[in-house]
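Note on naming: letters A, B, ... go to the chains in the order of the sequence lines (proteins, then strands), and numbering restarts at 1 for each one. What you see is a predicted model; the values in this text were computed from it and never measured.
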Amino acid sequence: MMNSYRRNDGRNVRRLLLGTVAVIVILAIDLASGGVLRGYVRGGSVAIWGAGSGIVRSTLASGFFSSRRAQESEIQALKQELVRLRLNSAEVNVLREEAEALRRLVRLAERDPGITAPVISSVTSSPYGTFIIGAGEEDGVAVGDLVLTGSEGQGFVIARVSETSARRALVTEIFAPGSRLGISVRGAQFELEGRGGGNARIEVPAPFAVEAGDSVLAPELDGRAVGLVGAVQEVSSAAYKDVYLRSVVPTSGLRFVYVISPEK
Amino acid sequence: MSFHLKNKVRVSLFFLGVIAVVFTPPWVPLIVMVAAALRYAAWEVLLIGLFADLVWLPALPVSLPLFTIASLVLVWGFEPLRREFLLGKGNIR
């Protein structure tokens with residue numbers, strides 16, 4: 001009996017070894033081919049996402065969960081309203097600061113040519129702070145392009161294009177976990193550290209005056225706004241304080257984004 | 001656990017993991033991977049990890065394939081534990 005266990009145990013280990021080698025080979029092939037495999041797998045995942053979303057939508061539309069659906073649509077409407085108000089408030093803040101301090105440096109008033117693209121994947125599933133949009137090289141999207149949300153490209157930068165295929169692009173959130181970006185708050189330069197989920201952190205000297213609601217600009221991204229100060233955590237004895245930043249629009253509610261080229 | 005039931009559980013966990021990669025926050029597939037790797041010598045956990053990285057890993061900025069690495073760590077890290085406690089109780093095929 002024990003011999004049989006050992007034999008089977010050895011078989012399991014051999015299978016795991018084979019699986020490990022296969023995974024490494026597949027990753028190597030993907031890297032060597034410049035992400036061709038990734039393109040196919042993403043195509044499959046987008047199809048799964050589309051089918052799943054379609055099933056959920058048609059189930060809700062069938063009236064099967066009508067009372068629940070009514071509640072959910074009310075919640076959605078309130079959320080949209082909240083987002084709109086937050087956006088308005090944040091845009092007013094940004095425009096005021098531009099007018100007062102950065103008028104000569106930042107020209108956000110000029111509208112940039114760009115394209116509107118649908119979000120065709122979950123925006124909360126990626127461990128790397130990425131999501132997929134339904135526009136690619138055929139639409140003029142290129143690696144490094146800025147992904148904005150708001151109105152007609154005047155809004156906030158939420159991501160940058162990381163990879164493109166013919167009709168899709170993978171974008172990485174500005175506040176993706178571990179990301180770093182030079183930003184400016186009240187005219188002072190800092191480097192943010194992304195935390196994922198539309199959150200980031202910076203460390204500022206304790207005497208530096210900053211408060212919740214201040215807008216956060218990114219000089220590297222043509223001085224565009226990337227978020228707001230969400231909270232300030234101060235310890236009386238420390239030389240530095242933590243400032244937590246948040247995205248203006250919750251990425252989980254994104255349906256469409258606006259893509260522009262930073263060179264234009 | 002019978003051979004067929006064991007296979008059903010493993011296949012279900014695999015599909016659950018794949019669906020979770022696409023639809024849910026990253027900790028959900030991670031839990032599925034841990035559950036599968038803890039109970040079985042589940043080579044399919046490697047596939048879930050690889051699938052997550054192929055879908056979500058960006059080329060730029062360069063990042064380690066964390067889910068693939070996690071799946072390797074889970075599958076091989078739990079091997080001594082499975083050998084010690086589950087020998088002859090479901091992981092023998």
Nearest-0.5 Å distance, CG of residue A/Leu170 to OG of residue A/Ser165: 9.5 Å
Under 4.5 Å from any heavy atom of chain B - which part of A/Ile48: both
Contact class of B/Leu30 relative to chain A, heavy atoms under 4.5 angstrom: neither
Any B/Phe51 side-chain heavy atom under 4.5 Å of A/Val41 side chain: yes
Chain A contact via B/Trp76 - which portion, at a heavy-atom distance below 4.5 Å: side chain
Salt bridge (charged side-chain N to carboxylate O under 4.0 Å, His left out) between A/Arg42 and A/Glu163, worked out: CA-CA 11 Å; A/Arg42 273 181 205 143; A/Glu163 270 183 75; 3.2 Å; yes
A/Arg38 versus B/Pro58, closest heavy-atom pair with distance: NH1-C, 4.2 Å
Sidechain-backbone polar pair: A/Tyr258 side chain, A/Gly114 backbone, donor-acceptor under 3.5 Å: yes
Segment of A/Leu31 engaging chain B (4.5 angstrom heavy-atom cut-off): neither
Heavy-atom pairs under 4.5 Å with chain B, option from A/Leu18, A/Leu37, A/Leu27, A/Val171 with the top count: A/Leu27
Validation row: B/Ser63, B/Leu57 side chains within 4.5 angstrom (heavy atoms): yes
Part of B/Val21 within contact of chain A (heavy atom distance under 4.5 Å): backbone
Donor-acceptor under 3.5 Å (A/Asp139 side chain, A/Glu137 main chain): no
Greatest number of heavy atom pairs closer than 4.5 Å to chain B - which of A/Ser162, A/Ser125, A/Gly129, A/Ser122: A/Ser125
Residue pair A/Gln189 / A/Ser184: nearest heavy atoms and the distance that separates them: NE2-CB, 3.9 Å
For chain A, the option from B/Leu66, B/Leu72, B/Asp53 that forms the most heavy-atom pairs under 4.5 Å: B/Leu66
Flag, side chain of A/Thr164 to backbone of A/Gly136, donor-acceptor distance under 3.5 Å: no
Residue, of B/Pro25, B/Ser71, B/Pro26, B/Ala20, that accumulates the most heavy atom pairs under 4.5 Å with chain A: B/Pro26
Most chain B-contacting option - heavy-atom pairs closer than 4.5 Å, from A/Val46, A/Thr124, A/Thr20, A/Leu16: A/Leu16
Portion of B/Pro29 that has a non-hydrogen atom of chain A nearer than 4.5 angstrom: neither
Option that, when pairs with chain A are counted at under 4.5 Å, heavy atom only, ranks first among B/Leu46, B/Val75, B/Thr68: B/Leu46
B/Thr24 portion near chain A, given a 4.5 angstrom heavy-atom threshold: backbone
Residue part contacting chain A, namely of B/Ile69, when any heavy atom lies under 4.5 Å: neither
Best-contacting candidate, A/Gly19, A/Gly34, A/Gly178, A/Pro127, against chain B by heavy atom pairs under 4.5 angstrom: A/Pro127
Close side-chain approach of A/Asp145 and A/Ile260, heavy atoms under 4.5 Å: no
